[in-house]
**Student:** 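Take this structure, written in structure tokens, and hold onto it; I'll ask about it next.
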Amino acid sequence: MKVLAILYKGGDAAKQEPRLLGAVENELGIRSWLESQGHEYLVSDDKEGPNSFLHKNIVDADIVITTPFHPGYLTKELLDKAKNLKLCVTAGVGSDHVDLNAAVEKGLEVLEVTGSNVVSVAEHVVMSILLLVRNFVPAHEMIERGDWQVSDIARNAFDLEGKVVGTIGAGRIGYRVLQRLQPFNCKEFLYYDYNGLKPDAEKAINARRVEDLKEFVSQCDVVTINAPLHEGTRGLINADLLKHFKKDAWLVNTARGAICNAEDVAAAVKSGQLNGYAGDVWNVQPAPKEHPWRYMKNPLQGGNGMVPHYSGTTLDAQQRYASGTKQILENFFNNKPQEPANIIIAKKGYVTKAYGQR
Ligand code: NAD
């Protein structure tokens, strides 16, 4: 079979660090295994436009592997051209780079390595919440500049203790975020999710479900987004909803950039409606140099905790999603059942309940 993989370019780092398995250079560590079984394996980071490696090679590929960190966008148009395609594998978690409804129409299977990086992301969310609430980034920048003016930082630095923290999406990551925040003595933990938690799971993290989104955001000091990108979450955080946030709230989004309207969020930070925004996901990746999230600041010159998309691609996570990808391929080649939690779309349609209510 012809297997394509779209991964990010690792450069010198990937040559020096073989555990960067998710980079083009290290090819998820599956080349010799695939070739020993007679499969053809083509790997590149070149994914945009009709002359790109992805667009040219997808026409007769059987399997496409792509990573959310450098997503090969599998649009309906592109899937129409992929006459032999049977399986799309996400090396990681989050398959929104595939037009899932088109994949259903075509009877494709879409699988991801569920759970492979949920701890990695939950830890990043906790870090991002703390760095916003404690005004860390401008404090560090001040030190690098050679300055020292404690009051300029302290005037916008708070404790997380006593604050209300809420997650949009209480699945694997959202749940783990609230679990990890238990010792901080927050005032309350809230969640908004059409899939409610079981009472014992809710109790274990002291979480209260709020069913109306505006009501939910109006109660939170910190909102963290941990839901997949789909028709029901695209543009969910926009100027209209931001009006209902508490003034000075902090927003952390490590789910998907397009869940937020980029301009509306940047304007809210700039005006001080949001005290800060942090995350690692962008509506286009790689993010263009002029993207407003690179440079936005609150009126006190802080409130920006943006980084490139890396929370779920720690070396620990890469090992897990590389081996999970291999397991999915092995099951596929041998007609063995897939791990149910990994199935986003089976030939018969949606299996997951996380990509919108159907
Ligand atoms: P999950 O499937 O375990 O949980 C997602 C939860 O979101 C589910 O409970 C689902 O019901 C809920 N949800 C869906 N639509 C919703 C909506 N409209 N409103 C409220 N809740 C909604 O998934 P997970 O493992 O927790 O991952 C969540 C997302 O995080 C992924 O889909 C991916 O986009 C993102 N992610 C990012 C990184 C990263 O590196 N930044 C890594 C892994 C995952």
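As the structure lists them, so they are numbered: ligands from 1, and atoms in each ligand from 1.
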**Student:** At a 4.0 Å threshold, what atoms of ligand 1 neighbour a non-hydrogen atom of Val118?
**Tutor:** 25 (O)
**Student:** Considering only the protein, which heavy-atom contact is closest to atom 26 (O) of ligand 1, and what is its distance?
**Tutor:** Ile173 N, 2.8 Å
**Student:** Record the part of His230 in heavy-atom contact with ligand 1 below 4.0 Å; permitted values are side chain, backbone, both and neither.
**Tutor:** side chain
**Student:** Specify the protein heavy atom at minimum distance from atom 14 (C) of ligand 1: its residue, its atom name, and the distance to 0.1 Å.
**Tutor:** Ala354 O, 3.1 Å
**Student:** Around atom 41 (N) of ligand 1, find the nearest protein heavy atom and jot down its residue, atom name and distance.
**Tutor:** Thr254 O, 2.9 Å
**Student:** Applying side chain to side chain donor-acceptor pair (under 3.5 Å) between Lys2 and each of Asp62, Asn84, Asn57, report the one that passes.
**Tutor:** Asn57
**Student:** Examine Phe216 together with His244 and report whether their ring centres are nearer than 6.0 Å.
**Tutor:** no
**Student:** Does ligand 1 have a heavy atom under 4.0 Å from the side chain of Arg256, from its backbone, from both, or from neither?
**Tutor:** side chain
**Student:** Can you tell me which residue and heavy atom of the protein come closest to atom 38 (C) of ligand 1, and the distance to 0.1 Å?
**Tutor:** Val121 CG2, 3.5 Å
**Student:** Under the side chain to side chain contact (heavy atoms under 4.5 Å, CB included) rule, what do Tyr355 and Glu231 come out as? Steps first, then yes or no, please.
**Tutor:** CA-CA 8 Å; Tyr355 281 76; Glu231 307 90 272; over 6 Å; no
**Student:** Counting from 1, what ligand 1 atoms have a heavy atom of Gly312 closer than 4.0 Å?
**Tutor:** 39 (C), 40 (O)
**Student:** Verify the ring-centre separation between Phe158 and Trp250: is it less than 6.0 angstrom?
**Tutor:** yes
**Student:** What I want to find out is whether Lys76 reaches Asp80 closely enough, with some N-O distance under 4.0 Å, to be called a salt bridge.
**Tutor:** yes
**Student:** Can you check which of Thr67, Asp193, Asn253 brings a heavy atom nearest to atom 12 (C) of ligand 1?
**Tutor:** Asp193
**Student:** Report, in ascending order of atom number, the atoms of ligand 1 lying under 4.0 Å from any heavy atom of Arg172.
**Tutor:** 1 (P), 2 (O), 3 (O), 4 (O), 25 (O), 26 (O)
**Student:** Before signing off on this row, confirm whether Tyr310 and ligand 1 have an N or O atom pair separated by under 3.5 Å.
**Tutor:** no
**Student:** Taking Arg234 first and then Asp96, would you say they form a salt bridge - that is, a charged N and a carboxylate O separated by under 4.0 Å?
**Tutor:** no
**Student:** Identify the protein heavy atom lying closest to atom 43 (C) of ligand 1, giving its residue, its atom name and the separation to 0.1 Å.
**Tutor:** Asn117 OD1, 3.2 Å
**Student:** Flag this pair as yes if the NZ/CZ of Arg358 is under 6.0 angstrom from the six-membered ring centre of Tyr350 and inside a 45 degree cone about the axis; otherwise no.
**Tutor:** yes
**Student:** Heavy atoms only: which of Gly171, Gly356, Ala227 lies closest to atom 22 (C) of ligand 1?
**Tutor:** Ala227
**Student:** Pick one of side chain, backbone, both or neither for how Val281 approaches ligand 1, counting any non-hydrogen atom pair under 4.0 Å.
**Tutor:** side chain
**Student:** Ring centres of Tyr8 and His309 under 6.0 Å apart?
**Tutor:** no
**Student:** Is there a heavy atom of Gly92 sitting under 4.0 angstrom from any atom of ligand 1?
**Tutor:** no
**Student:** Walk me through it: do Arg256 and Gln285 pass the test side chain to side chain donor-acceptor pair (under 3.5 Å)?
**Tutor:** CA-CA 11 Å; Arg256 284 296 177 260; Gln285 294 189 180; over 6 Å; no
**Student:** Do the side chains of Arg209 and Asp193 get close enough for a salt bridge, i.e. N-O under 4.0 angstrom?
**Tutor:** no
**Student:** Tell me whether ligand 1 is touched by Phe69 - counting only heavy atoms on the residue side and a distance under 4.0 Å.
**Tutor:** yes
**Student:** Run the numbers for me: atoms of ligand 1, each under 4.0 Å from some heavy atom of Asp280, listed by number.
**Tutor:** 39 (C), 40 (O), 41 (N)
**Student:** Verify the ring-centre separation between His97 and Tyr73: is it less than 6.0 angstrom?
**Tutor:** no
**Student:** Just to confirm my output: which protein heavy-atom neighbour is closest to atom 16 (C) of ligand 1, and how far is it?
**Tutor:** Tyr194 CE2, 3.4 Å
**Student:** If you count the atoms of ligand 1 from 1 in the order shown, which ones are under 4.0 Å from a heavy atom of His309?
**Tutor:** 39 (C), 40 (O), 41 (N)
**Student:** Under the side chain to side chain donor-acceptor pair (under 3.5 Å) rule, what do His291 and Asn283 come out as? Steps first, then yes or no, please.
**Tutor:** CA-CA 10 Å; His291 198 291; Asn283 51 353; 2.8 Å; yes
**Student:** Taking 4.0 angstrom as the limit and counting only heavy atoms of Pro228, give me the atoms of ligand 1 inside it, by number and element.
**Tutor:** 5 (C), 7 (O), 14 (C), 32 (O)
**Student:** Between Glu188 and Arg208, is the closest basic N to carboxylate O distance under 4.0 Å?
**Tutor:** yes
**Student:** In the protein, what heavy atom is nearest to atom 20 (C) of ligand 1, and what distance, to one decimal place, separates them?
**Tutor:** Tyr192 O, 3.3 Å
**Student:** Starting from atom 17 (C) of ligand 1, what is the nearest protein heavy atom, named by residue and atom, and what distance separates them?
**Tutor:** Thr233 CG2, 3.7 Å
